[in-house]
J.: 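The structure follows.
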Amino acid sequence: MAIDNHAEVTSSLAFLDSAALRIPTLSLLQADGSLTTGAKAPPLHQKLAEKLYRDMLYIRCLDERMVGAQRQGRLSFYLTCTGEEAAVAGTIAAFQPEDMVMAQYREQLALRFRGFSTAEFMNQLFSNAQDVGKGRQMPVHYGSRKLNFMTISSPLATQIPQAAGYAYGQKLSGQDACTLCYFGEGAASEGDFHAGLNMAAVLNCPVVFVARNNGYAISTPASEQYAGDGIAARGIGYGIKTIRVDGNDILAVYAAALEARKIALNNSCPVLIETMSYRLGAHSTSDDPSGYRSAEEEQQWRQKDPITRMKNWLIKQQWWQEEVDQELQKSFRSEILQELKAAEKRPKPALDTLISDVYKTPPAHLLRQLTDLESHVAKYPESYQMHGEGGR
Amino acid sequence: MAIDNHAEVTSSLAFLDSAALRIPTLSLLQADGSLTTGAKAPPLHQKLAEKLYRDMLYIRCLDERMVGAQRQGRLSFYLTCTGEEAAVAGTIAAFQPEDMVMAQYREQLALRFRGFSTAEFMNQLFSNAQDVGKGRQMPVHYGSRKLNFMTISSPLATQIPQAAGYAYGQKLSGQDACTLCYFGEGAASEGDFHAGLNMAAVLNCPVVFVARNNGYAISTPASEQYAGDGIAARGIGYGIKTIRVDGNDILAVYAAALEARKIALNNSCPVLIETMSYRLGAHSTSDDPSGYRSAEEEQQWRQKDPITRMKNWLIKQQWWQEEVDQELQKSFRSEILQELKAAEKRPKPALDTLISDVYKTPPAHLLRQLTDLESHVAKYPESYQMHGEGGR
Amino acid sequence: MIEGVQEMKTSRMNLLQAVNSALDTAMSGDQRVVCLGEDIGKFGGVFRATSHLQEKYGKQRCFNTPLTEQGILGFAIGLAAQGSVPVAEIQFADYIFPAFDQIVNEAAKYRYRSGDEFNCGGLTVRAPYGGGIDGGLYHSQSPEAYFCHTPGLKVVIPSSAYQAKGLLLAAIRDPDPVIFFEPKAIYRASVGEVPEGDYEIPLGVAEVVLEGSDITLVGWGAQMVQINKAAEMAATVGISCEVIDLRSLLPWDQQTVADSVTKTGRLLVSHEAPLTGGFAGEIAATIQEQCFLSLEAPISRVTGVDTPFPLVQEAYYLPDHLKIYEAIVASLAY
Amino acid sequence: MIEGVQEMKTSRMNLLQAVNSALDTAMSGDQRVVCLGEDIGKFGGVFRATSHLQEKYGKQRCFNTPLTEQGILGFAIGLAAQGSVPVAEIQFADYIFPAFDQIVNEAAKYRYRSGDEFNCGGLTVRAPYGGGIDGGLYHSQSPEAYFCHTPGLKVVIPSSAYQAKGLLLAAIRDPDPVIFFEPKAIYRASVGEVPEGDYEIPLGVAEVVLEGSDITLVGWGAQMVQINKAAEMAATVGISCEVIDLRSLLPWDQQTVADSVTKTGRLLVSHEAPLTGGFAGEIAATIQEQCFLSLEAPISRVTGVDTPFPLVQEAYYLPDHLKIYEAIVASLAY
Ligand SMILES: Cc1ncc(C[n+]2csc(CCOP(=O)(O)OP(=O)(O)O)c2C)c(N)n1
Ligand SMILES: Cc1ncc(C[n+]2csc(CCOP(=O)(O)OP(=O)(O)O)c2C)c(N)n1
Ligand SMILES: [Mg+2]
Ligand SMILES: [Mg+2]
């Protein structure tokens, strides 16, 4: 019968507030690479640990290089993961290739982890004819069917209810797979967040939500985004199993994510992980954070760099040496630069990519518009240079 | 600095769930009209108590009569408050006439409490020329500027962020008044609920939200609406002071609401009250609950009737006698029937109410459309009979 | 008529039953078809379009959602992207707007923005629309034009029981997202013989309901009742109307309309939605271009007034057969 | 030119600065004016339209909201109903859709449904719109037609710094809710002398930018750049264009356009939004009716293609001066 689960009764008039629910932050790894007292490291074996570290380093190199390239005017836009590498690496590593990833836009590390190549990054960033997205979206809106990475969409939070639905479909069709959904603490203010988490809980969807709380949504600090105890406290309200982790601590993130996937699949239910971290860079290349936050604040967080922290741990494990680091970065940088140069020279998509994929098959009116356009362009070829393939 | 309020750290991997936050239900009055042990009644003096009881009884009579009238085909639609009278009466009574009420649609009791007359109810229900709403909305979409009761809008939950904004405006313009916003547990699934509560909390809006949890949204039971601990648990997530009350217990509701208004105005902040009750009738006259719930379930809740419970208390206080009840109902019924008959005979609004109020001043294209329509109607007068005033 | 349909066993159904039959047919034929929406489960929906489907196909494939249209659409898009074939119900078309972003920014652009890596083509959104039920502002709207301005969507509106089943089956199986508006005013009033089996009516193709020579009348959904009535009235004064039921609004069958106007020299388009920005404007703009030299009178639009949908003023607001008839006469007299 | 404006001190401003100046003027003149939106506070907005307003008028009157467009609109409607005069910013017009329900079901119908007991007429919604900044699908859209189909709203789009300030001040003080789209492509490129003081440009009135005799060209916002360029090209081959900047789309100035077309006999309408269901259709439908006997060629629409807004294909998608010029020539040759 309805409502009877709210059974506990009181006769004392008391309002509860955030203090009634304090969600601690899971933290296993200290800045120097040693475990906190009482901490138990997750089963992260050497090979995977090294891969994660390499991927984090790679993305740091990629981000630095592409911000530079944007400044040089070689591409219009870029957006880094800097500061949040452990939050992304630690979560994606706990999932299987069959699991669908539905990300916000700052999770290029998840793609790298699954094998997205430098050339693939570059083709998207430079909107060339080899971009599987056909050059239609702004830089960093990656997607890959073969890697089960859903194409990024700019409107924030829309992927959250979609992820619930995707996960429901996975369950319905009997797949042993779940969905991993990333979003920022800013996006969590959207109505779609509410709809998505509530539906996932009510409809028992095997989806793991990762709320990347990096303290800012462009210029808006978390303190002007919400008044409660972060995003995690909301999970409890939806009846979702929830954990908060130190997002700069790869071990804590990985431990939580491993367990989260298990719960989601075994119990057919959603799980929420809130990763507490900091966006070390600008929001994007269009942004200048000095207009809304202090250099000191940034500096404090730079000292908590998740990559350094992991390196210290790896070195303590004797799985890594400082020297390898330099070499690796060097080789990453040269590979990136080489692919960048190649990608920017590749031809752009053909004219007809303007109208394909609007529908599965272009209807008559779109074909007519294309034909009209082709004759117009033929009349003014010099005015419409897109370096189209086949001279179209 | 960002995030540092999430300070508590743990090294043990544990997911929290609904069990981490159990919100009890405030209950003061028992079925027989006696207080629960340890309960302290709120300062509800005799005159107000009697008024509340009369208003509850009145609305019960009105609802019964109008459901009957709908069955007779005298009006197209009606919707009752039956079962939730205490939840509405107990809240509205704690507020001042200057406070704005933004309701969902099942809160006719709040209007009655503020002095909406039987004729005013009827004019709206019969869409006649005396309806201040000019006959434009379906029955029960009441509104009254003079009573600070915002006109009801059918799209659910839209009033929730609006209430936050209204309250912000009250504060900004220095009014010593707040906003009282009602909605159902079903409406609380809408994105607007999330936006409204979060914004109210972040922007410090003096608004009291009353979530009427009556177990159903049309046919959908609360168990298919949410998986957490009701609506109250969400309040904590937003950092809003929150209380859950037995919605059939007028004393508990009134006590909570009095305190809520105080908190909202003194602290300039939102407060959330969840009233646990049951929709005893059909969703509306278009609905038949036998298709989705059992008669036994209804019967169980009928025994918790909030009006009977209050009467028992009043009688125990020696403020009321059973006999008065019968008389009062009789006089309510005859007044209602009389006004009903008068209202259904009143003329309908004039033709030009079709185009007025779309804008403050009708623009040229609308005036032209009206003129065209007038000549058309003049040609076929018998086909467009709206009993318009002045034969228009 | 579709091939093979002639031989099928038919039964008398109203439009609502035809919708239910289409859903039943789709669900029984394809495991991947899933129905979701507010109150559509055990209860079968507030209009009962999904009656008995949960009984037949289980709670996993026909289920109530929480009360959130943006959530329903988001969820359904995800389901479709995954490979399911969701049919989402929005309880009234008036309540589709909270889902507008998911529809126009997400569903409509899903395939395009990914370069066809992903799509949500399996998605169908059903919603009862239109006036005629004393519904006032929020149980009467005809929002089709909003969606017709959105490349990537298909928009379909049946006007009879037979059409409802055939078009809905086609919509469900169409590889693009389809918005399917059902004329609730004639949910029960529109009754006809409907094949019990499986058949489709192709999307994007209009139906010439009545051949005529003096003027072309174009409409869709419940408005066809008014148009047909007006055509009958016109016939009594010797005016021969060609009546076209558009059925699909996006993409719409320009050829059939243009051919007809080339023949008749006159066009009238009628819809319940307000005039300004309504889809009649698009049709008029297109046809004046394609048939410029054939037109003997201005294209006439008979539509709702530029106001919100009223309640007691509804009869004044609606473009009924009398208004259409008058416009026909005016066009002929031009 | 507005009366009294001639004597005002002016300074050189771009369109963005003119918007900022309008907000500053409105806020300093009326305590009730409040600015809200994502990142508009301390930071002054991602385009800096609200620069320094928080500094000047305090955090209570110029503030960041949480990241929720439906919330921003709902909140602003409540503020307006209460008696404040909110100016809500939507960061990009592409992100206005989550607020669609609050705009079309709530703001547009607030006064009507209450019989004028309540209204939210103080509301103004500002949003940068349009292409030209390499923004792709979600930083380029021109959604004006969606709003123009919504009685109860006013829709305004400036095309210059001078217009931006005068129209925005009029919009803020207008007693009806106004959607104000700002052409971000020319935020900085459009520079001109703008009065430093307070002035308004009336809503609902078009501006004849250039008089001519052969064809009427109608547009708004950033598209005026292309239209003017095309008119110049046409002049070099002896075609005389009358150029009309609509400025207000809802309600729109039918009289000025109809008078012009009656004179020129030809009409071309251009906008960035896709063709089908775009506002050019409404204009064409209206004018073919009002000027039927004057038209010497079909009304021509030069618009975006019926696709989502692309990125690298943007130059193909956009209706530029060359496409407009070709359509002018074709119309004259008809
Ligand atoms: C619906 C919508 N509104 C606004 C924007 C503009 N916008 C892009 S990113 C962003 C901030 C997002 O912050 P957060 O979710 O915290 O993610 P972060 O950038 O910190 O990773 C905003 C406002 C958008 N993309 N979509
Ligand atoms: C946006 C929107 N979606 C759907 C509806 C249709 N509808 C009207 S009432 C209702 C159920 C509301 O339930 P709840 O909020 O619990 O309120 P209650 O009726 O129980 O008081 C629904 C689905 C609506 N009015 N608005
Ligand atoms: Mg963030
Ligand atoms: Mg309810």
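Letters A, B, ... mirror the listed sequences (proteins, then strands); counts begin at 1.
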J.: Considering only heavy atoms from C-beta outward, does the side chain of A:Leu79 approach that of A:Arg106 to under 4.5 Å?
T.: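 Counting from C-beta outward, A:Leu79 and A:Arg106 do come under 4.5 Å.
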J.: Measuring only between side-chain heavy atoms, which start at C-beta, is C:Glu89 closer than 4.5 Å to C:Glu38?
T.: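 No, too far: nothing below the 4.5 Å cut-off.
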J.: For C:Gln31, I'd like to know if atom CD has over 12 heavy atoms of other residues, nucleotides or ligands within 6.0 Å.
T.: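 Count not over threshold, so no.
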J.: Given the options A:Gly143, A:Ser144, A:Gly196, which has more heavy-atom pairs under 4.5 Å with chain C than any of the others?
T.: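 Heavy-atom pair counts peak at A:Ser144.
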J.: Counting only non-hydrogen atoms closer than 4.5 Å, does A:Val202 touch chain C with its backbone (N, CA, C, O), its side chain (CB onward), both, or neither?
T.: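 For A:Val202, side-chain heavy atoms alone lie under 4.5 Å from chain C.
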J.: Between A:Asp99 and A:Arg261, does any side-chain N to carboxylate O distance fall below 4.0 Å?
T.: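 Here A:Asp99 pairs with A:Arg261 in a salt bridge, since their nearest N and O are under 4.0 Å apart.
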J.: Quick one: is the NZ or CZ of A:Arg212 closer than 6.0 Å to the six-membered ring centre of A:Phe183, and within 45° of its axis?
T.: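 Geometry flag: not set, cation outside 6.0 Å or 45°.
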J.: Identify which of A:Ser173, A:Pro363, A:Pro161 forms the greatest number of heavy-atom pairs closer than 4.5 Å to chain C.
T.: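 Option with the greatest count: A:Pro161.
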J.: As an exercise: rank A:Leu172, A:Asn198, A:Asp192, A:Ile152 by heavy-atom pairs under 4.5 Å with chain C and give me the winner.
T.: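 Of the candidates given, the most pairs with chain C belong to A:Asp192.
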J.: Can you tell me which portion of A:Ser356 sits under 4.5 Å from chain C's heavy atoms? Options are side chain, backbone, both or neither.
T.: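 The backbone, not the side chain.
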J.: Over all heavy atoms of both residues, which pair between C:Ser260 and C:Thr216 is shortest? Give the atoms and the distance, please.
T.: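 Of all heavy-atom pairs spanning C:Ser260 and C:Thr216, the closest is OG-OG1, 2.6 Å.
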J.: Less than 4.5 Å apart, side chain to side chain, heavy atoms only: is that true for A:Glu374 and A:Leu370?
T.: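 Yes - at least one pair of side-chain heavy atoms lies under 4.5 Å apart.
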J.: Heavy-atom pairs under 4.5 Å with chain C: which of A:Lys146, A:Arg368, A:Gln175 has the most?
T.: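 Top count of heavy-atom pairs under 4.5 Å with chain C: A:Arg368.
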J.: Taking side chain as everything from C-beta outward and backbone as N, CA, C, O, which of these in A:Arg145 sits under 4.5 Å from a heavy atom of chain C? Side chain, backbone, both or neither.
T.: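 Both backbone and side chain.
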J.: Against chain A, label C:Gln102 side chain, backbone, both or neither, depending on which of its atoms sit under 4.5 Å from a heavy atom there.
T.: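 For C:Gln102, the side chain is the part near chain A, not the backbone.
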J.: Please classify the contact of C:Leu250 with chain A as side chain, backbone, both or neither, using a heavy-atom distance under 4.5 Å.
T.: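 Just the side chain, heavy atoms under 4.5 Å.
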J.: Is C:Lys59 in contact with chain A via its backbone, its side chain, both, or neither, using a 4.5 Å heavy-atom distance?
T.: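 Just its backbone gets close to chain A.
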J.: Do you know which of C:Ala80, C:Pro66, C:Cys120, C:Ala76 has the most heavy-atom pairs with chain A at a distance under 4.5 angstrom?
T.: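 Most heavy-atom pairs under 4.5 Å with chain A: C:Pro66.
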J.: Name the option with the most non-hydrogen atom pairs under 4.5 Å to chain A; the candidates are C:Asn64, C:Leu153, C:Leu36, C:Asp174.
T.: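 Looking at each option in turn, the highest pair count goes to C:Leu153.
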J.: Looking only at non-hydrogen atoms, find the nearest pair between A:Asn123 and A:Asp131 and report the distance.
T.: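 It is O-CB, 3.3 Å.
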J.: Identify which part of C:Glu69 has an atom lying under 4.5 Å from any heavy atom of chain A, answering side chain, backbone, both or neither.
T.: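 Neither part.
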J.: Mind checking what makes ring-ring contact (aromatic ring centres under 6.0 Å, His included) contact with C:Tyr138, not counting sequence neighbours?
T.: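 For C:Tyr138 there are no ring-ring contact (aromatic ring centres under 6.0 Å, His included) partners, ignoring immediate neighbours.
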J.: Identify whether the distance between the nearest side-chain nitrogen and carboxylate oxygen of C:Lys154 and C:Asp176 falls below 4.0 Å.
T.: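 Yes, charged N to carboxylate O under 4.0 Å.
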J.: If you count heavy-atom pairs under 4.5 Å between each of C:Pro98, C:Ala81, C:Ser84, C:Gly83 and chain A, which one has the most?
T.: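 Ranked by contacts with chain A, first place is C:Ala81.
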J.: What part of A:Leu354 is in contact with chain C, defined as an atom under 4.5 angstrom from a non-hydrogen atom: side chain, backbone, both or neither?
T.: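 It is both, since atoms from each part get that close.
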J.: Should the pair A:Arg234 and A:Phe193 be classed as cation-pi, given the thresholds of under 6.0 Å to the six-membered ring centre and 45° from the axis?
T.: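 A:Arg234 over A:Phe193 ring: yes.
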J.: If you count heavy-atom pairs within less than 4.5 Å of chain C, which of A:His365, A:Met150, A:Gln170 leads?
T.: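 Top option by heavy-atom pairs under 4.5 Å: A:Met150.
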J.: Pick from A:Gly169, A:Ala163, A:Ala195: which one has the most heavy-atom pairs with chain C under 4.5 Å?
T.: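 Looking at each option in turn, the highest pair count goes to A:Gly169.
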